[in-house]
Amino acid sequence: MIPVYGSESTLQSLYERIVAVFAAREPSYEIIFVDDNSPDAAWDVLQQLAEADPLHVTAIRLMRNYGQHNALMCGFRQARGEVLVTLDDDLQNPPEEIPKLIAHLEAGDYDLVYGEYRRKQHTGGRNLGSVVVNTFFRLVFRSRITVTSFRAVRRELVQAILPYNLNFTFLDGLFAWNTQRIGQVIVEHHPRANGRSGYSLGKLITLALNLFTNFSLIPLQVASCVGFLAAVIGLATGANYLIQALLSNIMVPGYASIIVAVLVLGGLQLLALGIIGEYIGRVHLNINRKPQYTIRTVLTKDTEAGKPQPVGNYQEQQATTRIPG
């Protein structure tokens, strides 16, 4: 299962390598591409692949860019396999490593296995963003696992997360909510073949914030603790000044200390309000039913089997196309 964005030049090669991996191993495989409103001609390439190999390729086109995790949720609802593998569209996740993920999944009796990169080939900013996401993940879920986009997942676990139909999707958090049988195996990670990653440092930090605000109350608890600590320090400082005043040790009132206290306490209050606002804003958007994704077109051999069913907060346009074959 592959979310597609800005990868027109790599899709053909990616398809051929996946086919080479499964041709001798498992003839009943499927490849699901989800075009997340890619700005290049990726959809034209996907149409050609779906028409040339209707038995194995399903191509889905979304109406706008919803993000990698929402696009994968769309693909999960289309998939029919017992084991689902997710990988990037830029050839940094070698398809030749897929059997290693599946073998580790089956040998360890896991529900989910991540490919842990032997040596990352991302840029410095992307690596920093990944560190932030993984640090937050380990803090929230008390796990030592390194999450990546290269995963093998059992259908039972995927079925468990499909009822989630809200917009702020973080797949690894949903998986961790539903199972502790998670493993990882060392895999290769190749340099990006073309262009640059759609995940900037800012987007990865936003993803980390989604993780915190969707799956944890830690930011609110931290704000409460900081506020309590500031109040205790303020009371202690006030008591100290009162004692000093009674002892006539304060000759000139301190302007600087007042300004510092006002700025620090004002900053803490704004920080706490901002954190609360993040939670309230997400509740507001979810109440307004902001869609998880909206499908424009599905290209699949079996119209009925591949047709998405509208559930909750994702939508479908009636544009499923049956490919002869």
Side-chain angles (χ1 to χ4, degrees), residues 1-23 29-75 78-79 84-101 115 117-127 129-130 148-152 171 187-204 207 293 295-301 319 321 323:
M1 191 167 311
I2 304 144
V4 174
Y5 188 83
S7 56
E8 171 193 358
S9 61
T10 59
L11 291 175
Q12 181 69 39
S13 177
L14 177 60
Y15 162 76
E16 291 172 356
R17 290 171 64 178
I18 292 175
V19 169
V21 168
F22 284 101
Y29 62 92
E30 61 180 349
I31 308 173
I32 299 177
F33 294 97
V34 183
D35 178 5
D36 195 19
N37 197 37
S38 182
D40 56 9
W43 180 246
D44 295 335
V45 178
L46 295 181
Q47 285 181 301
Q48 296 169 11
L49 293 176
E51 291 169 1
D53 187 2
L55 183 63
H56 297 120
V57 175
T58 295
I60 305 168
R61 191 181 197 185
L62 303 184
M63 293 190 69
R64 60 176 292 271
N65 180 254
Y66 291 92
Q68 184 186 64
H69 289 246
N70 287 346
L72 284 172
M73 284 293 283
C74 174
Q78 295 282 340
L84 288 75
V85 176
T86 69
L87 68 160
D88 292 337
D89 58 352
D90 53 12
L91 298 178
Q92 288 196 271
N93 301 142
E96 293 78 14
E97 297 283 70
I98 292 176
K100 188 183 294 185
L101 287 177
Y117 305 137
R118 189 185 308 277
R119 185 171 181 271
K120 279 189 176 182
Q121 300 292 338
H122 291 312
T123 61
R126 175 71 187 271
N127 284 334
S130 297
T148 68
S149 57
F150 201 16
R151 322 171 182 83
L171 286 177
V187 296
E188 295 296 328
H189 191 241
H190 292 172
R192 188 176 176 87
N194 264 309
R196 60 181 182 180
S197 173
Y199 264 127
S200 63
L201 175 60
K203 287 185 178 180
L204 283 168
L207 187 65
Y293 58 82
I295 293 176
R296 184 183 300 278
T297 307
V298 178
L299 298 179
T300 182
K301 177 186 176 183
T321 303
I323 300 173

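Here, residue 1 is the first one in the sequence, and each next residue gets the next number. As the structure is a prediction and not an experimental result, all values here were calculated from the model.
- The two residues L14 and D89 have their closest heavy-atom pair at CD2-CA, 3.9 Å.
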Take R17 and L91 through the test side chain to side chain contact (heavy atoms under 4.5 Å, CB included) and record every step on the way to the result.
CA-CA 10 Å; R17 290 171 64 178; L91 298 178; 3.8 Å; yes
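- With rounding to the nearest 0.5 Å, the separation of CG in D35 from CD1 in I295 is 12.0 Å.
- What you find for I32 and A79 is that their closest heavy atoms are CD1-CA, 3.6 Å.
- To the nearest 0.5 Å, the span separating OH on Y5 from CG on L62 amounts to 12.0 Å.
- Separation of atoms OG1 (T86) and CG (D88) is listed at 8.0 Å; rounding is to 0.5 Å.
- Qualifying side chain to side chain donor-acceptor pair (under 3.5 Å) partners for D53, counting only residues two or more places apart in sequence or in other chains: Y15, H56.
- Between L49 and L11 the shortest heavy-atom distance is CD1-O, 4.2 Å.
- Closest of all the heavy-atom pairs between Y29 and F22 is CD2-CB, 3.4 Å.
- Nearest heavy-atom pair, L299 versus A50, reported as atom, atom and distance to 0.1 Å: CB-CB, 4.0 Å.
- Listed by chain and residue number, P94, K100, F150, V187, E188 satisfy the side chain to side chain contact (heavy atoms under 4.5 Å, CB included) test with E97 (two or more places apart in sequence, or in another chain).
- Note that CD1 of I31 is 10.5 Å distant from CG of L55, once rounded to the nearest 0.5 Å.
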Between R151 and L72, does the side chain to side chain contact (heavy atoms under 4.5 Å, CB included) criterion hold? Intermediate values first, please.
CA-CA 12 Å; R151 322 171 182 83; L72 284 172; 3.7 Å; yes
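- A donor atom on one side chain and an acceptor atom on the other are found under 3.5 Å apart for Q12 and E16.
- The distance from atom CD1 of I60 to atom CZ of R296, rounded to the nearest 0.5 Å, is 14.0 Å.
- Judged by distance alone, the side chains of Y117 and N93 do bring a donor and an acceptor atom under 3.5 Å apart.
- Remark: side-chain polar atoms of D40 are paired, donor with acceptor, to backbone N or O of E8 under 3.5 angstrom.
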For a side chain to side chain contact (heavy atoms under 4.5 Å, CB included) check, start with the C-alpha distance between V34 and Y293, then their side-chain angles and the critical distance, and finish with the verdict.
CA-CA 11 Å; V34 183; Y293 58 82; over 6 Å; no
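- Within the model, atoms CZ of R61 and SG of C74 stand 13.5 Å from one another, a figure rounded to the nearest 0.5 Å.
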List the steps and the verdict of side chain to side chain contact (heavy atoms under 4.5 Å, CB included) for D36 and Q68.
CA-CA 8 Å; D36 195 19; Q68 184 186 64; 5.8 Å; no
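- Of all heavy-atom pairs spanning S38 and A42, the tightest one is OG-CB, 3.7 Å.
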